[in-house]
Protein chains: 2
Amino acid sequence: MTAAFGTDIFREGEPAGALYNLTAGTVKLYNMLPDGRQQVAGALFPGDFLGLAMNDAYAHTAEAMDDAALCRFPRGRFEGLLERIPRLEYRLLAMVSNELAQVQDQMLLLGRKNATDKIANFLLQLSRRQAARREPANPVRMPMGRTDIADYLGLTTETVSRTLTSLKTGGPIRLLHGNSVELRDRAALEARAGGGS
Amino acid sequence: MTAAFGTDIFREGEPAGALYNLTAGTVKLYNMLPDGRQQVAGALFPGDFLGLAMNDAYAHTAEAMDDAALCRFPRGRFEGLLERIPRLEYRLLAMVSNELAQVQDQMLLLGRKNATDKIANFLLQLSRRQAARREPANPVRMPMGRTDIADYLGLTTETVSRTLTSLKTGGPIRLLHGNSVELRDRAALEARAGGGS
DNA sequence: CCCCGTCATTGACGTGAGTCAAGGTGGCGC
DNA sequence: GCGCCACCTTGACTCACGTCAATGACGGGG
């Protein structure tokens, strides 16, 4: 199954009929706010699962940020699998637990850090996830636009832009062509990311 | 098992040796930030579970906010239970999924709302949880101090205080003795809580 | 009963990030 | 190659919230 750029895979509130595994491309999860803005809950890369929280309805809308390919598991059939392979349920539980831990980190980030710390964190997170996917960790690719980054970090596009510029000027990063970022001084970023305020 | 006011039930990073069910009292979950501040991840009330994310280490420190009583399930024995009662694992998965959804709501709150909206949301959330526990929904009890509220909402104690005062002056709430709040105009609060910015 | 420690409130002030508003820049189709 | 459009960048200004600091209200212990 494939999803073209900009199309929804499922929408917030829809009955959760299936879960998916992303095999190629990038997908964002977000919630629409009443005023039209959106809160991006996360970005997913190949290997990640979508809709694995076993609730009745999807908690987010999932939208392809480029052309994506997915593996779809209808929920009924999946639950049948769970019955027969209890081990699988344990794995699933672990995955949801992991996701929970990640989201809680993100909470901490949103509540307590300033713009620079948020961006530093974000870049390092992307880098780590690229490495986990056995891609080069360094030139970090950002398939999403400034708006999505802003909505993910609780900032505005302007602030994201300004912050990236100031990190560029300050030395730790370099902006490359095609929405990529070279991390020139990872230690400096780590310091910002971990550090408070 | 009991935990007196101010004592830790478990600490962030410790091997997750057990999970707990809170039977009486109130417990907060938080992470310490390097600079000494804390991010409160949640408040737990009777009936809630602690440490149910099946990771190897606890993601938070759990501290009793008053004298609390807990039911402790050592992890080994619990996993034995899981083996024998697959249905239980499914229940557990559902609970973790719920928690995930809640935390994601909280993320949205932290990233995108102003102080008044956060407080309104917080009060309504407490009210709903009291109702879920079959206590009266209206005078909302707040067992935690201003500092904990602030650390939960990503604010400062001063801002929490000011915002409560302004809600009081504006009409929708009334501050009672003993850390309780009377909701006088729930609709007004709902409007703030749902509404954007 | 009063003192003192802890926590909440209130005020004055500074600042980081949001808002509003112009430019740039690159990609794509014609 | 040109123009259009979407997106990014930059600037000026504003304001909500944080910070620093003083005061006020409880509540428990001596």
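Every value quoted in this text rests on a predicted model; they were computed, and no experiment measured them. Chain naming here is simple, since letters A, B, ... match the order of the sequence lines and numbering starts at 1 in each.
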From the options B:L44, B:N21, B:L22, select the one residue that forms a side-chain contact (heavy atoms from CB on, under 4.5 Å) with B:F49.
-> B:N21
Please work out if A:G154 contacts a base, only the sugar-phosphate, or nothing of the nucleic acid, heavy-atom cut-off 4.0 Å.
-> sugar-phosphate
Measure the distance from [atom1] on [X] to [atom2] on [N] and round it to the nearest whole Å.
| X | N | atom1 | atom2 | answer |
| --- | --- | --- | --- | --- |
| B:E158 | C:dC7 | CD | P | 14 Å |
| B:N179 | D:dG27 | CG | P | 10 Å |
| B:K118 | D:dG18 | NZ | C1' | 12 Å |
| B:R112 | D:dA16 | CZ | C1' | 15 Å |
| A:L155 | D:dC8 | CG | P | 14 Å |
| B:L176 | C:dA8 | CG | C1' | 16 Å |
| A:L110 | C:dG18 | CG | C1' | 16 Å |
| A:F5 | C:dC28 | CZ | C1' | 14 Å |

Of the nucleotides [options], which has the atom closest to the [X] side chain?
| X | options | answer |
| --- | --- | --- |
| A:N114 | C:dG18, D:dT9, C:dA17 | C:dA17 |
| A:T159 | D:dG18, D:dT10, C:dG18 | C:dG18 |
| B:R146 | C:dT10, C:dA8, D:dT19 | C:dA8 |
| B:H177 | C:dG16, D:dC17, D:dG27 | D:dG27 |

May I ask you to verify if any side-chain N or O of B:T156 is less than 4.0 angstrom from the OP1 or OP2 atom of D:dG18?
->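 The answer is yes; a side-chain N or O of B:T156 sits under 4.0 Å from OP1 or OP2.
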Taking only the side-chain nitrogens and oxygens of B:T165, find out if one of them lies under 4.0 Å from OP1 or OP2 of C:dT10.
-> yes
Side-chain-base donor-acceptor pair under 3.5 Å for A:R162 and D:dG11 =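 Flag set: donor-acceptor pair detected.
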Is the shortest side-chain N to carboxylate O distance from B:R112 to B:D117 below 4.0 Å?
->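 Salt bridge absent between B:R112 and B:D117.
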Go through the steps to decide whether B:K28 and B:D151 satisfy the test salt bridge (charged side-chain N to carboxylate O under 4.0 Å, His left out), and finish with yes or no.
-> CA-CA 11 Å; B:K28 71 172 171 182; B:D151 287 340; over 6 Å; no
Looking at the rings of B:F122 and B:Y152, which for Trp means the six-membered one, are their centres under 6.0 Å apart?
-> yes
Measure from NZ or CZ of B:R133 to the centre of the six-membered ring of B:F45, then state whether that distance is under 6.0 Å and the direction lies within 45° of the axis.
-> yes
